[in-house]
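None of these values were measured; they are calculated from a predicted model. Residue numbering restarts at 1 for every chain, and letters A, B, ... go by the order of the sequence lines.
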Protein chains: 2
Amino acid sequence: MTLERRTLYHFQLCPFSRKVRLFLYEKGIPFGLVPELPWARREGLLALNPVGDLPVLVEPDGSVLTQHNAICEYLNELVPELNLMGETAKGRAEIRRITGWFDSAFYMDVFKPLVGERVVKAMKTGSTPNSLMIRAGRDNLKNYLKYLDWLTARRPYLGGRWLSMADLCVAAHLSVLDYLGEILWENYPEMKLWYAIIKSRPSFNSLLRDKIAGIMPSENYANLDF
Amino acid sequence: MTLERRTLYHFQLCPFSRKVRLFLYEKGIPFGLVPELPWARREGLLALNPVGDLPVLVEPDGSVLTQHNAICEYLNELVPELNLMGETAKGRAEIRRITGWFDSAFYMDVFKPLVGERVVKAMKTGSTPNSLMIRAGRDNLKNYLKYLDWLTARRPYLGGRWLSMADLCVAAHLSVLDYLGEILWENYPEMKLWYAIIKSRPSFNSLLRDKIAGIMPSENYANLDF
């Protein structure tokens, strides 16, 4: 099947945009990237998606898809040859559990206080980060990483035996934190082995080449042998 | 097919618990309800779900399902005769868009500041609600209700021509706000017609009989002709 080119409107620091980018690459679906700053509420973006959130996927026929989970489920159906959702009903439930948990709880407990305060707030308003929130985000991060280390000691991939949406979702979140040098990989050896495998996939290449204006990536961000 | 009985651990004011309850009733899956207070972090609940969030569904074979979206997708597969996810790939994307948007953005913009401050905070700690947050939640609520009024003027159901997860999700959120008397139905006539239809479904009966300790329901909460 030859697939026509799609367009993804995204924000580099948005974990949901990164998840959909990984999904598109893994599925072998050609697409172009349009960078956006979500708080700019650019007219052209609002015309596509009045809610203004990212990512937004524009189909070859011009139809517009929004909401990261809806987009991933749609793309999984579009190219069924590579199934990223699991083989059984219980397997799918486990993959969606991990994905939904990271996209809601991890995002609120860790990503928003940490990345939101450390980086996005300064980009948006130039105001001073709230150090208490950053500390809370860092404390919460440790608990999630301990859980991931425990899980990856028991399974080759987060959702089970095969690569799935759960891996792409969690790696998307962690990749932003890793860019900012927030993950002490040596404390989580099993998780580190899992991340090294995900990071080596061709789909991850584009994320590793991301340069965020005004912020240098951590020393090992793009290093496959970290 | 005869289905064995399941157990749902839930919290009455939790919109995600309510969504799964509606889903189980619509699907005709027998289940028993166990009420929980999420902040109590009861040992028996943590043994089932170390994360401690609700709802939790225990299967007849004892296996445990968590994360509301994963549970709904699973239940939709379990009883495929009544499809609540849409007929086409694009249709499913639209249903999942609305559901994902309400479960994340509406929850953070409206539900958490409004219900969290007005009710849950007092139940948990007895401390005074933050009136600024309540006001912000009420302001945000108006925008979402205007959108729902616009959408229901164009479609019989939120996701299109048929009842879907989108209706059950949005009605679950709104039902809690309605219990607290936060919705001025007469300002949104199209949405009101839609809600009257959803509210009249047998699956909604159990929600309408809910009594939340210490809080009287609004005058028309259980009234089908409101």
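Nearest heavy-atom pair, B/Ala93 versus A/Ala70, reported as atom, atom and distance to 0.1 Å: O-CB, 3.4 Å.
Listed by chain and residue number, A/Met133 satisfy the side-chain contact (heavy atoms from CB on, under 4.5 Å) test with A/Pro113 (two or more places apart in sequence, or in another chain).
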Between chain A and chain B, which N or O donor and acceptor atoms come closer than 3.5 Å?
residue	atom	partner	partner atom	Å
A/Ser63	OG	B/Lys90	NZ	3.1
A/Glu77	OE1	B/Arg92	NE	3.4
A/Glu77	OE1	B/Arg92	NH2	2.7
A/Glu77	OE2	B/Arg92	NE	2.6
A/Lys90	NZ	B/Ser63	OG	3.1
A/Arg92	NE	B/Glu77	OE1	3.4
A/Arg92	NE	B/Glu77	OE2	2.6
A/Arg92	NH2	B/Glu77	OE1	2.7

